[in-house]
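Naming convention: chains lettered A, B, ... in sequence-line order (proteins, then strands); numbering from 1 in each chain.
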Amino acid sequence: MSATDLNAETTIVLDFETSGLSPDQGERAIEIGAVKLVDGEVVDTFQQLMYPGKRINSFIEDYTGISNNMLKNAPPCEEVMREFSDFIDGFNLVAHNASFDSRFLDAELRRIQRNQQGEFACSMLIARRVYPDAPNHKLGTLVRYKRLPNDGTFHRALADSQMTAHLWLAMINEIKTSFSFRHVPFNVMQQLSRTTKSSVSHFLHREAKNQR
DNA sequence: TGCCAGGCCCTCTTTAGGGCCTT
């Protein structure tokens, strides 16, 4: 049995707050939040501010509510990322607009000579297919549109990862019910994000049928 | 000095442009 099979039912939903949009432009992670899902249940969480080695600008302070003062005494990125690397080791990963979080994850892990082997799935690309009629596919909009649990906190890493986890589970539930899956495997969700919108229904009917 | 993300997706498309998402 491969590592993927062993961990097939465990998924990490993660969210980074960062000093900007691109690690290639020298931007760094300032907070990581994540929840660990096993068979659709939250079994563990991770949240940590981290000192990025530079001051963050006022836009980021306003956007996240994370101040330079809060970061001043936080452990450095390298220390936090070593711990987080152990937390996610071997598991599949989910993020809202995963291309953004995967770039920062890879960049921060590269700085500590680590990498991650898990597969990434993007809740935003999947939401565009599962909820085509939503006003838009921002995380906050989808949370309100589907009345998902939240405590009113947005743009903080743990809160966003928790809301993304609820979105992920709501989409799995929707697909499971609508297409009569026994269960919806991670790789079906991942493939769904790459399926053209016109063939979503055909793809899910075929995958559900293959399960029977 | 001046510049500054990148991948997906739609369309008035593919010899391209621009909106959506993430901070």
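A:L125 and A:V188 are assigned to two separate hydrophobic clusters, defined by single-linkage of ILVMFWY side chains at heavy-atom distances under 4.5 Å. Linking ILVMFWY side-chain heavy atoms closer than 4.5 Å, directly or via other members, places A:I112 and A:F104 in a single hydrophobic cluster.
Residue pairs satisfying the salt bridge (charged side-chain N to carboxylate O under 4.0 Å, His left out) criterion with at least one member in residues 171-185 of chain A, sequence neighbours excluded, are absent. Within the structure, the salt bridge (charged side-chain N to carboxylate O under 4.0 Å, His left out) test picks out the following pairs touching residues 69-88 of chain A (sequence neighbours left out): A:R28-A:E78, A:D86-A:R114.
Every residue two or more places apart in sequence or in another chain that forms a side-chain hydrogen bond (donor to acceptor under 3.5 Å, both in side chains) with A:Q190 is listed here: A:E119. Under the side-chain hydrogen bond (donor to acceptor under 3.5 Å, both in side chains) criterion, A:E31 pairs with A:Q47, A:R156, sequence neighbours left out.
Counting any heavy atom pair closer than 4.0 Å across all strands shown, A:D101 reaches no nucleic acid atom. Looking at heavy-atom distances under 4.0 Å, A:N57 makes no contact with the nucleic acid at all. The residue A:F59 sits close to a base: some heavy atom pair falls under 4.0 Å. When heavy atoms are screened at a 4.0 angstrom cut-off, A:S19 is found touching no nucleic acid atom at all. At a threshold of 4.0 angstrom between heavy atoms, the contacts of A:L139 are confined to the sugar-phosphate backbone, with no base atom among them.
Both A:Y63 and A:Q25 lie close to DNA chain B; mapped to their nearest nucleotides by heavy-atom distance, the more 5′-ward contact belongs to A:Q25.
Distances shown here put a side-chain N or O of A:H137 below 4.0 Å from the OP1 or OP2 atom of B:dC21. For B:dT23, one of the phosphate oxygens OP1 or OP2 lies less than 4.0 angstrom from a side-chain nitrogen or oxygen of A:H155.
In this pair, A:H205 and A:F179 present their aromatic rings perpendicular. The plane angle is above 60°, beyond the 30 to 60° band. A:F16 and A:F84 have perpendicular rings, their planes meeting at more than 60° on a 0 to 90° scale where under 30° would count as parallel.
For the C1' atom pair drawn from B:dC10 and B:dC4, the interatomic distance equals 26 Å after rounding to whole Å.
Between A:E27 and A:K54 a salt bridge is recorded (basic side-chain N to carboxylate O distance below 4.0 Å).
In this structure, of B:dC21, B:dT23, B:dA5, it is B:dA5 that holds the atom nearest to the side chain of A:S22.
Proximity of residues 140-150 of chain A to DNA chain B (heavy atom under 4.0 angstrom from any strand atom) is not detected for any residue.
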Sub-3.5 Å pairs of nitrogen or oxygen atoms, protein against nucleotides 8-11 of chain B:
{"from": "B:dC9", "atom 1": "OP1", "to": "A:R129", "atom 2": "NH1", "distance (Å)": "2.9"}
{"from": "B:dC9", "atom 1": "OP1", "to": "A:R129", "atom 2": "NH2", "distance (Å)": "2.1"}
{"from": "B:dC10", "atom 1": "OP1", "to": "A:K197", "atom 2": "NZ", "distance (Å)": "3.4"}

